[in-house]
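Reading through the structure tokens given below for one structure.
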Amino acid sequence: MLIVGKDRKMFIYALKQNSSYFVTSGFLIYSVGVSPNGSYAAYASDEENNVKVIDTQTKASIGVFGGNAMTISKILFINENDIYSPIVV
């Protein structure tokens with residue numbers, strides 16, 4: 001489960017493991033997404049509309065995906081390997 005707030009933090013709750021932690025962003029987090037089995041989390045990470053993906057188990061950064069011309073409003077995982085962020089105009 002992912003929860004974000006105005007404090008620029010994304011909280012990750014691993015319900016099966018009964019654990020939680022948070023990731024701090026330098027920018028207000030507008031959108032988040034989680035992969036179908038919960039292995040990966042993604043969030044809109046900065047004012048350049050980049051999406052950062054992390055491994056929820058190891059907390060390691062998987063990558064940053066850019067090229068978005070507008071503010072990210074949705075982050076959807078199609079499966080464990082494919083991510084989609086539609087632009088709503």
Side-chain angles (χ1 to χ4, degrees):
M1 179 185 322
L2 303 177
I3 299 173
V4 297
K6 293 181 181 180
D7 58 359
R8 300 177 182 191
K9 293 180 182 174
M10 176 177 65
F11 289 86
I12 300 168
Y13 295 93
L15 302 176
K16 290 181 182 178
Q17 291 81 20
N18 195 27
S19 67
S20 65
Y21 64 92
F22 66 89
V23 174
T24 303
S25 176
F27 189 70
L28 184 62
I29 300 172
Y30 283 98
S31 186
V32 296
V34 64
S35 66
N37 75 8
S39 295
Y40 304 107
Y43 63 98
S45 63
D46 57 35
E47 60 273 6
E48 282 84 36
N49 303 313
N50 292 315
V51 175
K52 187 170 186 177
V53 179
I54 62 167
D55 182 310
T56 58
Q57 299 296 316
T58 66
K59 305 175 190 172
S61 176
I62 301 300
V64 177
F65 302 93
N68 300 299
M70 300 180 76
T71 302
I72 303 298
S73 62
K74 291 182 182 180
I75 299 172
L76 306 170
F77 278 84
I78 306 304
N79 53 47
E80 292 302 311
N81 298 312
D82 298 308
I83 190 170
Y84 174 65
S85 181
I87 300 296
V88 179
V89 181

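The analysis underlying the following values was restricted to heavy atoms, covering all of them including side chains, and did not include hydrogens, waters or symmetry mates.
Cluster annotation: Val23 is not connected to Val53 through the hydrophobic network of ILVMFWY side chains, with a link wherever side-chain heavy atoms come within less than 4.5 Å.
For Asn50, the side chain to side chain contact (heavy atoms under 4.5 Å, CB included) partners at least two apart in sequence or on another chain are Ser45, Asp46, Glu48, Val64. Listed by chain and number, the residues in a side-chain hydrogen bond (donor to acceptor under 3.5 Å, both in side chains) with Asn37 are Ser39 (sequence neighbours excluded). The side chain to side chain contact (heavy atoms under 4.5 Å, CB included) test applied to Asp82 returns Ile78, Asn79, not counting sequence neighbours.
Separation of atoms CG (Asn68) and CD1 (Ile75) is listed at 8.5 Å; rounding is to 0.5 Å. In this structure, CG in Asn49 is found 7.5 Å from CZ in Phe27, a value given to the nearest 0.5 Å.
Counting only distance, with no hydrogens or angles, the side chain of Thr56 and the backbone of Gly38 share a donor-acceptor pair below 3.5 Å.
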Can you give the donor-acceptor pairs under 3.5 Å from side chains of residues 3-15 to other protein atoms, not counting sequence neighbours?
from, atom 1, to, atom 2, distance (Å)
Asp7, OD1, Lys9, N, 3.3
Arg8, NH1, Gly26, O, 3.1

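Taking the side chain as every heavy atom from C-beta outward, Ile72 and Tyr30 never approach each other to under 4.5 Å.
Legend: ring-ring contact (aromatic ring centres under 6.0 Å, His included) pairs involving residues 36-78, not counting sequence neighbours: none detected. Among residue pairs with one or both ends in residues 19-28, none qualify as side chain to side chain donor-acceptor pair (under 3.5 Å); sequence neighbours excluded.
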